[in-house]
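All remarks here apply to the structure that follows.
First listed ligand is number 1; within each ligand, the first listed atom is number 1.
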Amino acid sequence: MSEEVTYADLKFQDSSQTENIQKFDKFEKEEPPVPSHVWRQRAWALTLLCLLLLIGLGVLGGICMEKLNRLQNFKEELQRNVSLQLMQNTNSSQKIRSLSIKLEEIATKLCRELYIKNKEHKCKPCPEEWMWHDSSCYLLSTYLSQKTWQKSDEICSDYNASLLTIKSNSVLEFIKSLRLYNYWLGLSPRKDTTKYGNLDTINPFDWFTRNTSVINDTMYCGYIYYASFSYTKCTDTKNFICEKLAQSVKIESVLMSEVLDGRK
Ligand SMILES: *[C@@H]1O[C@H](CO)[C@@H](O)[C@H](O)[C@H]1NC(C)=O
Ligand SMILES: *[C@@H]1O[C@H](CO)[C@@H](O)[C@H](O)[C@H]1NC(C)=O
Ligand SMILES: *[C@@H]1O[C@H](CO)[C@@H](O)[C@H](O)[C@H]1NC(C)=O
Ligand SMILES: *[C@@H]1O[C@H](CO)[C@@H](O)[C@H](O)[C@H]1NC(C)=O
Ligand SMILES: *[C@@H]1O[C@H](CO)[C@@H](O)[C@H](O)[C@H]1NC(C)=O
């Protein structure tokens, strides 16, 4: 239906156009010129129309500019707000970070107090049986038979640990307090036994690093007896101490184990 109507309309328009053209042709040929005052009136009307249009455009343009400006301002304000928000977020996360560091320090202090009273307190950041000192954990081979230096080193490795090293005064005092006799030290194996003395005279460069050297039957390994050290054949058997880094104290573990403690 609608197609037919459109077609009819088109046809009608077409025919009226041709009619117009014909009329126009006739008009050019036959009609006399229109008087000039009519033309003047038409010109005035046109000019007026143009002026009105121009004014309208101006007003529209003004409105548009105003809207654009407002949009621009809004955008800038939004950008300011967003960057402010971002800054506040950064500040907040910085505050949270420093707070959680402080909280962890407090938890660690508290846990040390608890550890002094109960060596197996749940907050201890070391595995069971291991001692906790400063930021490290230590395991005495008390329950194992004596081993060669290399075997001892391997056992410590299995615990993700290494043989005892003494690299600070605090650790030195702690180790002295344990009064260890005949325990292997994590010193690099040597070809001679010329080095011995007090623990605090050990050259820092003598401590073992895993890739130092190959060990064979003719090498000598360091061991501790009370506050002194000496070297003996690496194939001798002795006790040993493993050490590894402590984990961080879990804040929940400090609080939770208070209850568990009551049961013990
Ligand atoms: C920018 O922040 C101010 C104050 O928080 C608020 O009043 C204003 O509506 C915000 N502007 C935008 C565009 O979000
Ligand atoms: C962020 O922190 C700094 C100082 O730490 C301060 O000067 C600034 O005003 C803070 N900014 C916000 C948005 O809180
Ligand atoms: C040693 O570390 C490895 C990998 O980090 C881990 O899979 C293993 O359980 C750890 N062993 C011990 C005894 O902690
Ligand atoms: C151990 O190996 C690392 C890299 O593999 C090297 O940088 C370091 O110097 C070595 N240490 C010794 C004592 O050879
Ligand atoms: C043991 O190692 C040292 C130095 O690496 C070497 O001089 C010596 O010949 C080695 N001995 C044996 C039995 O392999």
Run the salt-bridge test on Glu66 and Arg70 with the 4.0 Å N-O cut-off and return the result as yes or no.
yes

Determine, counting only non-hydrogen atoms of the protein, whether one lies under 4.0 angstrom from atom 2 (O) of ligand 3.
yes

Please could you name the atoms of ligand 1 that Leu78 approaches to less than 4.0 Å, counting only its heavy atoms?
12 (C), 13 (C), 14 (O)

re atom 12 (C) of ligand 3, the protein heavy-atom contact at minimum distance is Asn160 ND2, 3.4 Å

Within the 6.0 Å centroid threshold, strictly below: His121 and Tyr115:
no

Quick one: do Glu113 and Lys117 make a salt bridge, cutoff under 4.0 Å?
no

Would you check if there is a donor-acceptor pair between the side chains of Ser145 and Lys147 at a distance under 3.5 Å?
yes

Which residue and non-hydrogen atom of the protein lie closest to atom 11 (N) of ligand 1, and at what distance in Å?
Asn81 ND2, 2.7 Å

Shortest protein heavy-atom distance from atom 9 (O) of ligand 1, along with the residue and atom involved:
Glu77 OE2, 4.1 Å

State yes or no: are the ring centers of Trp149 and Phe208 separated by less than 6.0 Å?
yes

Assess, by modelled atom type and distance only, whether the side chains of Asp192 and Thr194 contain a donor and an acceptor separated by less than 3.5 Å.
yes

Return the residue, atom name and 0.1 Å-rounded distance of the protein heavy atom closest to atom 13 (C) of ligand 3.
Asp158 O, 3.6 Å

Kindly indicate whether atom 7 (O) of ligand 1 is approached by any protein heavy atom to under 4.0 angstrom.
no

